[in-house]
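Accompanying notes for the structure given below.
For the single chain, residues carry numbers from 1 onward in sequence order.
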Amino acid sequence: MYAKSIVEERLRFAAEELGWMPEYHSSDEVDKFTEYLRRWEKYNAQGQLYFSRDLTPQEHRFIVNETTLCMCDAAYYLTRYAHLSNENDTNVRFKFRDTQKIYFHVISQLEAKGAAIEIIIGKGRQQFVTTIIELLIGHRIFFYKDTNALTASADRIKSEEMGKKILFAYDQLPWWIKPKYSRRVESVPGLLEFESLNSRVSIQHGATSAKQKGQQRVGLGRGGTRTVWHVSEASHIPRPEEQIEASLMRATHASPKVFGNIESSFAGKTGWFADKYRYAKE
């Protein structure tokens, strides 16, 4: 879904299933279709959105086309459907920044090799790496079955900000392409779950996870096997050997389905994150 070769392969499989090759559309064409359908969008007494007529065959095909492209090509999803609240608190469509292009190139290379995507990232602030990772986690749970994801940072506020990126992106999707959620908890710890896909993302934070339950210490992601995870500001999480390495990393079974990210600014030249980063780089 990231590498060009994998995208092309998936689209060939999709074309065999559909009987036609999905067609790429520009963001303007997507916006035009979305605005056109809004003429028939209504709200019931409970404030729930519904479409007031049946879709035409042409409209249905466009929706199938777009859903298929989003599944097969993550970059298409990002640049056509992913929205975020930018540094000016403005709702904007995602556009690749230079640092995000580098990150996407790296995960594309790993996917093309058939490798698990497991990355540790040492970063400066305001490089927008956290943003693209959260959007890609959203892409996994919105369009793929059996995705058990985790997103976490060092404290409740930072974790809430990360979770909001996924929730905001979900809320901005047009109704005709987004799955209906079965559970949504916006506080931290939080959750966004899609029962129809058996996919979910849990939102946790390091401060709570460091506490003990009886004699057992609770770590990030403990109690489940995660295929998708993102830990931010890892250098500020207490007892990372227990919280990140023992509870999360060792419970991840390497496969092409894995999408794991640990990223942080550095809090000095020593410590768990700095040591892990140097080890991975070497």
Atom of Pro174, atom of Thr34 and distance for their closest heavy-atom approach: CB-CG2, 4.2 Å
side-chain contact (heavy atoms from CB on, under 4.5 Å) between Lys276 and Phe273, intermediate numbers included: CA-CA 5 Å; Lys276 281 291 178 185; Phe273 179 77; 5.7 Å; no
Flag side-chain contact, heavy atom, 4.5 Å: Phe33 against His25: no
Between CG on residue Leu49 and CZ on residue Arg38, distance to nearest 0.5 Å: 10.0 Å
Euclidean distance, Glu134 CD relative to Phe168 CZ, rounded to 0.5 Å: 14.5 Å
Between CD on residue Glu16 and CE on residue Met21, distance to nearest 0.5 Å: 9.0 Å
Carboxylate-amine/guanidinium contact Glu59 Arg53, below 4.0 Å: yes
Note: Arg200-Glu193 ion pair, threshold 4.0 Å (strictly below): yes
Which donor-acceptor pairs under 3.5 Å do side chains of residues 109-117 form with protein atoms, sequence neighbours excluded?
{"residue": "Gln109", "atom": "NE2", "partner": "His105", "partner atom": "NE2", "Å": "3.4"}
{"residue": "Glu111", "atom": "OE1", "partner": "Met1", "partner atom": "N", "Å": "3.2"}
{"residue": "Glu111", "atom": "OE1", "partner": "Tyr2", "partner atom": "N", "Å": "2.7"}
{"residue": "Glu111", "atom": "OE1", "partner": "Ala3", "partner atom": "N", "Å": "2.7"}
{"residue": "Glu111", "atom": "OE2", "partner": "Met1", "partner atom": "N", "Å": "2.6"}

Salt bridge Glu41-Arg39, side-chain N to carboxylate O under 4.0 Å: no
For Arg97, all residues meeting side chain to side chain contact (heavy atoms under 4.5 Å, CB included), sequence neighbours excluded: Glu87, Thr99, Gln100, Phe128
Parallel, tilted or perpendicular, as decided by the 30° and 60° cut-offs, for the rings of Phe194 and Phe142: perpendicular
Pairwise side-chain contact, Leu191 with Ile203, heavy-atom cut-off 4.5 Å (strictly under): no
From CA spacing to verdict: side chain to side chain donor-acceptor pair (under 3.5 Å), Gln172, Asn91: CA-CA 9 Å; Gln172 302 310 308; Asn91 180 354; 2.9 Å; yes
ring-ring contact (aromatic ring centres under 6.0 Å, His included): pairs with one or both residues in residues 4-24, sequence neighbours excluded: Tyr24-Tyr76
Distance, nearest 0.5 Å, that separates OG1 of Thr79 from CG of Asp73: 7.5 Å
Nearest heavy-atom neighbours spanning Glu66 and Val30: OE1-CG2, 3.5 Å
Nearest atoms (heavy-atom pairs only) where Leu248 meets Thr252: O-OG1, 3.0 Å
Non-hydrogen side-chain atoms of Asn261 and Ile120 separated by less than 4.5 Å: no
Donor-acceptor pair, side chain of Asp155 and main chain of Ile157, under 3.5 angstrom: yes
Minimum side-chain heavy-atom gap Leu150-His230 below 4.5 Å: no
Spacing of OH belonging to Tyr103 relative to OG1 belonging to Thr130, to within rounding of 0.5 Å: 10.0 Å
Sub-4.5 Å side-chain heavy-atom contact between Arg93 and Asp31: yes
Working for side chain to side chain donor-acceptor pair (under 3.5 Å), residues Glu245 and Trp272: CA-CA 10 Å; Glu245 190 165 357; Trp272 182 86; 2.8 Å; yes
Beyond-backbone contact of Ser265 with His236, side-chain heavy atoms, under 4.5 angstrom: yes
Which atom of Phe266 lies closest to which atom of Ala274, heavy atoms considered: CE2-CA, 4.1 Å
Main-chain N/O of Lys145 paired to Asn198 side chain as donor or acceptor, under 3.5 Å: no
Aromatic plane relationship, Phe96 with Phe94 - under 30° parallel, 30 to 60° tilted, over 60° perpendicular: perpendicular
Intermediate values then yes/no, side-chain contact (heavy atoms from CB on, under 4.5 Å), Gln243 and Val231: CA-CA 10 Å; Gln243 291 231 73; Val231 179; over 6 Å; no
Shortest non-hydrogen contact between Ala149 and Ile141, atoms and distance: CB-CG2, 4.2 Å
Donor-acceptor contact below 3.5 Å, side chain Ser26 vs main chain Glu29: yes
Lys178 NZ: over 12 foreign heavy atoms closer than 6.0 Å: yes
Beyond-backbone contact of Ser159 with Thr151, side-chain heavy atoms, under 4.5 angstrom: no
Within 6.0 Å of CZ in Arg183, more than 12 heavy atoms from elsewhere: no
Flag if over 12 foreign heavy atoms under 6.0 Å of CD, Glu195: no
Other residues, nucleotides, ligands: >12 heavy atoms within 6.0 Å of Tyr144 OH: yes
Heavy atoms from other residues, nucleotides or ligands near OH of Tyr43 exceed 12 (cutoff 6.0 Å): no
Under-4.0 Å salt bridge between Lys164 and Glu186: no
Stepwise side-chain contact (heavy atoms from CB on, under 4.5 Å) check, Trp229 with Arg226: CA-CA 7 Å; Trp229 42 268; Arg226 313 288 175 165; 3.8 Å; yes
Parallel, tilted or perpendicular: rings of Trp175 and Phe51 (30°, 60°): tilted
Under 3.5 Å donor-acceptor, Tyr170 side chain and Pro179 backbone: yes
Derivation and outcome, side-chain contact (heavy atoms from CB on, under 4.5 Å), residues Thr147 and Ile137: CA-CA 9 Å; Thr147 300; Ile137 289 176; over 6 Å; no
Exercise: identify the closest heavy-atom pair between Ser232 and Met162: CB-SD, 3.6 Å
Flag if over 12 foreign heavy atoms under 6.0 Å of CG, Leu55: yes
Side-chain ion pair, Asp146 and Lys257, N-O less than 4.0 Å: no
Joint hydrophobic cluster, Trp176 plus Trp40, side-chain heavy atoms closer than 4.5 Å: yes
Sub-4.5 Å side-chain heavy-atom contact between Asn148 and Val228: no
Over 12 non-hydrogen atoms of neighbours within 6.0 angstrom of CG in Asn44: yes
From Thr68 atom OG1 to Leu11 atom CG, the distance as rounded to the nearest 0.5 Å: 8.5 Å
Single-linkage hydrophobic cluster, 4.5 Å side-chain cutoff, Ile63 and Leu197 together: yes
Pair Ser153, Glu233: side-chain N/O donor-acceptor within cut-off below 3.5 Å: no
